[in-house]
*Asks:* 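Encoded as C-alpha cells, here's the structure I'll be asking about.
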Amino acid sequence: MSVTLDLSRATKAPAPAAPVNLTGLTRGQLSAALVESGAVEPAKAKMRTGQIWRWIQHFGVTDFEAMTDIDKATRAKLAERFTLARPEIVERQVSKDGTRKWLIRTAPGIEIESVFIPGVGRAGALCVSSQVGCTLNCTFCHTGTQALVRNLTAAEIVAQVQVCRDDLGEWPSPKEDRQLSNVVFMGMGEPLYNLDAVADAMEIISDNEGIALSRRRITVSTSGVVTELKALGERTQAMLAISLHATNDELREKLVPLNKKHPIAELMAAIRAYPGLSNARRVTFEYVMLKGVNDSPADAKALVKLVQGIPAKINLIPFNPWPGSPYECSDWGTIETFAAILNRAGYASPIRTPRGRDILAACGQLKSESEKLRASARRKLAAAG
Ligand code: SAH
Ligand code: SF4
C-alpha cells in the first residue's frame, strides 16, 4: 500500500514554487517583480510600484483586496502571483517589564527571535536577528555555541519589524508618538557577515513612504568584522556598535576569537575611519561585565585610554548567564565603580539594565532557550499522545 502511494507521488509534477512575498522587497525589486510577472504593464510600473509600496510599507496591509486604488482585475492578478502573508508566529511572550519577544518561523527549521524593549532609544527598540546561529564563537554568548544554520534574507529581517508593528498596532506608520522608534541589530548572528541583506532591509524600513525609521536610529552591532566596516557606513549610514569586551589582545582573543584575525589596533583604526563618525553620531562600545575577567578599575582605565579621541558612548552590559556558561556577572558595586571611572573621563556609560529576563529575552539568552522550551513541549506532546 505505502509503496503504491510513494510511486504515485514520485510521478506527480513537482509542486509549483511558493509565490513571492512582496513585503520583503526593496522598491527596485518590487517594480521588477511586478513587471516580470505580467500583472503590471511596464508603462504603469512606476505608478503601481508607488501605490503598492504604500499599501504594504505604510499601511501594512496583508491582503491585495485592501488596495482600493488599484482596479479589481489587477488585484486579482497580483493575488494569483504573489503573497503578502506574514510568517507564522510560533510563540509570543510579554515580560513583566513590558518587553515582548516573538519566535517567528519563516521556513521549515528557520526560527528567528526578536525582542521589543519599550523605553529604550527614543521610545522603544526592536532587537532583530540577522542570522540563525552564528559562525563566531564568543565564549560568553549562547548563540555562539550554536552552529550557523543560515543567513536571513532581507525579507526575513523586515518581517521581524512588521510582526512587531502588527503587535503594537502601528499601521499606518505614525508620524509622531511611535512606540517602535529604534532598531538594533543585536539579536542572533553577526550582521556584517550578511551585509547585503542587512543593507536591503535597512533600505526598506527607512523609506520615507513606508516604515520611515530614521537611519540614525538604526544601530548595527558587530564583533569586529573590520573588512566590512567601511562598506557598512557607506551603504547604510547605520549607527555603529562594537562589541569590544576587552582592551588587550590576549584577553579579547579568549572572549571574541575573531580578534585573532582582526586584533584591537586594526579594529580601532577601522572605527576611527568609520564614515560619518562625529560627536552627533558616536560609536557605541559594548562591554560585557564578567566577574574577575575584565571588570577591574585598571581595565576601566585601559578602556578610557583605548577609546581616547573617538566620539564614543560606552554601554556596560551585565553578563546574562546561560546553562553551562563559563562566566559569572560582575557584582553590582564593581560595575558601578567601573562606570564611575568612565564617567569621570567624560564618557556616557549607561549600564544596560537586563530586560525581559523572565521571558529569556535578555542579551545572549536568545533562541537556545526557546529550543529548550520547544523540546519540553514536544516531550509533553509525545507523553500525551
Ligand atoms: N554578533 C553581533 C551582534 C549580536 S550580539 C555582536 O557580537 O556584536 C549583541 C550583543 O550582546 C553583543 O555586544 C554581545 O557581545 C552581547 N552578548 C552576547 N552574549 C551575552 C551575554 N550572555 N550576556 C550579555 N551580553 C551578551
Ligand atoms: Fe556571534 Fe555576536 Fe554571539 Fe559573538 S556575540 S557569537 S558574534 S552573536
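Everything numeric here is computed off the predicted structure, so don't read it as measured data. Indexing begins at 1, ligand by ligand and atom by atom, following the structure's order.
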*Asks:* Less than 4.0 Å is my threshold; does some heavy atom of H245 fall inside it relative to ligand 1?
*Replies:*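 In this structure, H245 qualifies as a contact of ligand 1 - some heavy atom is under 4.0 Å.
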
*Asks:* With a 4.0 Å cut-off, would you call R75 and E65 a salt bridge?
*Replies:*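 Here R75 pairs with E65 in a salt bridge, since their nearest N and O are under 4.0 Å apart.
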
*Asks:* Relative to the heavy atoms of V288, which atoms of ligand 1 are at a distance of less than 4.0 Å?
*Replies:*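 Listed by number with element: 24 (C), 25 (N).
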
*Asks:* For S173 and R165, test the side chains for any donor-to-acceptor distance below 3.5 angstrom and give the result as yes or no.
*Replies:*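 Yes, because at least one side-chain N or O of S173 sits under 3.5 Å from a partner of the opposite role on R165.
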
*Asks:* Are E111 and R105 ion-paired here, with the side-chain N under 4.0 Å from a carboxylate O?
*Replies:*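 Salt bridge between E111 and R105, a charged N being under 4.0 Å from a carboxylate O: yes.
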
*Asks:* So that I can tick it off, tell me whether R215 and E203 are bridged by a salt bridge, with the cut-off set at under 4.0 angstrom between side-chain N and carboxylate O.
*Replies:*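 Salt bridge absent between E203 and R215.
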
*Asks:* Determine whether any heavy atom of P321 lies closer than 4.0 Å to an atom of ligand 1.
*Replies:*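 Flag not set, P321 not near ligand 1.
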
*Asks:* Check this for me, if you would: do R150 and E156 make a salt bridge, where the nitrogen-to-carboxylate-oxygen distance has to be below 4.0 angstrom?
*Replies:*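 Yes.
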
*Asks:* If you measure only the distance, is there a donor-acceptor pair under 3.5 Å linking the side chains of N182 and R217?
*Replies:*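 R217 and N182 do not have a side-chain donor-acceptor pair below 3.5 Å.
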
*Asks:* For N320, which part has a heavy atom under 4.0 Å from ligand 1: side chain, backbone, both, or neither?
*Replies:*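 Both backbone and side chain.
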
*Asks:* Only heavy atoms of G189, strictly under 4.0 Å: list the atoms of ligand 1 that pass.
*Replies:*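 The atoms of ligand 1 under 4.0 Å from a heavy atom of G189 are 1 (N), 2 (C), 3 (C), 4 (C).
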
*Asks:* Give every donor-acceptor pair under 3.5 Å between a side-chain atom in residues 298-308 and any protein atom, sequence neighbours left out.
*Replies:*
residue, atom, partner, partner atom, Å
D299, OD2, D295, N, 3.3
D299, OD2, S296, N, 3.1
D299, OD2, S296, OG, 2.9

*Asks:* Below 4.0 Å, non-hydrogen atoms only: which portion of F140 touches ligand 1? Side chain, backbone, both or neither.
*Replies:*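 Within the 4.0 Å criterion, F140 contacts ligand 1 through backbone and side-chain atoms alike.
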
*Asks:* Ignoring hydrogens and angles, state whether a donor on the side chain of S243 or Y287 is under 3.5 Å from an acceptor on the partner side chain.
*Replies:*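 There is no such pair between these side chains.
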
*Asks:* Tell me yes or no: between the side chains of N194 and Q131, is some donor less than 3.5 Å from an acceptor?
*Replies:*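 Result is no, nothing qualifies.
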
*Asks:* Just to be sure I read this right, does ligand 1 sit under 4.0 Å from the backbone of E286, its side chain, both, or neither, counting only heavy atoms?
*Replies:*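 Contact part for E286 vs ligand 1: side chain (C-beta onward).
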
*Asks:* Would you mind checking if R235 and D196 are paired as a salt bridge, meaning a charged N to carboxylate O distance below 4.0 Å?
*Replies:*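 So D196 pairs with R235 through a salt bridge.
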
*Asks:* Looking at E286 and R352, does any basic side-chain N land under 4.0 Å from a carboxylate oxygen?
*Replies:*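 Result for this pair is yes, salt bridge flagged.
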
*Asks:* I'd like to know if the side chain of W55 pairs up with that of Q51 as donor and acceptor (distance under 3.5 Å, no hydrogens or angles considered).
*Replies:*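 Note: W55 and Q51 side chains miss the donor-acceptor criterion.
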
*Asks:* Can you check which of S129, C134, S221, C141 brings a heavy atom nearest to atom 3 (C) of ligand 1?
*Replies:*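 That would be S221.
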
*Asks:* Just the protein N/O/S atoms under 2.8 Å from atom 1 (Fe) of ligand 2, please, no waters.
*Replies:*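 Result, waters dropped: C134 SG.
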
*Asks:* Which is it for I242 and ligand 1 at heavy atoms under 4.0 Å: side chain, backbone, both or neither?
*Replies:*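 The answer is neither; I242 stays 4.0 Å or more away.
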
*Asks:* Using heavy atoms and a 4.0 Å limit, tell me yes or no: is Y327 in contact with ligand 1?
*Replies:*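 False for this residue.
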
*Asks:* Pick, from E190, M186, Q131, the option with the minimum heavy-atom distance to atom 5 (S) of ligand 1.
*Replies:*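 Shortest heavy-atom distance from atom 5 (S) of ligand 1: M186.
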
*Asks:* Mark up the atoms of ligand 1 that fall under 4.0 Å of a heavy atom belonging to S223, in ascending order.
*Replies:*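 Counting from 1, the qualifying ligand atoms are 6 (C), 7 (O), 8 (O).
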
*Asks:* Does any N/O atom on H142 come nearer than 3.5 Å to any N/O atom on ligand 1?
*Replies:*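 No, H142 has no N/O under 3.5 Å of an N/O on ligand 1.
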
*Asks:* Quick check: G187 and ligand 1, any N/O pair under 3.5 Å apart?
*Replies:*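 No; the residue has no nitrogen or oxygen that sits under 3.5 Å from a nitrogen or oxygen of the ligand.
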
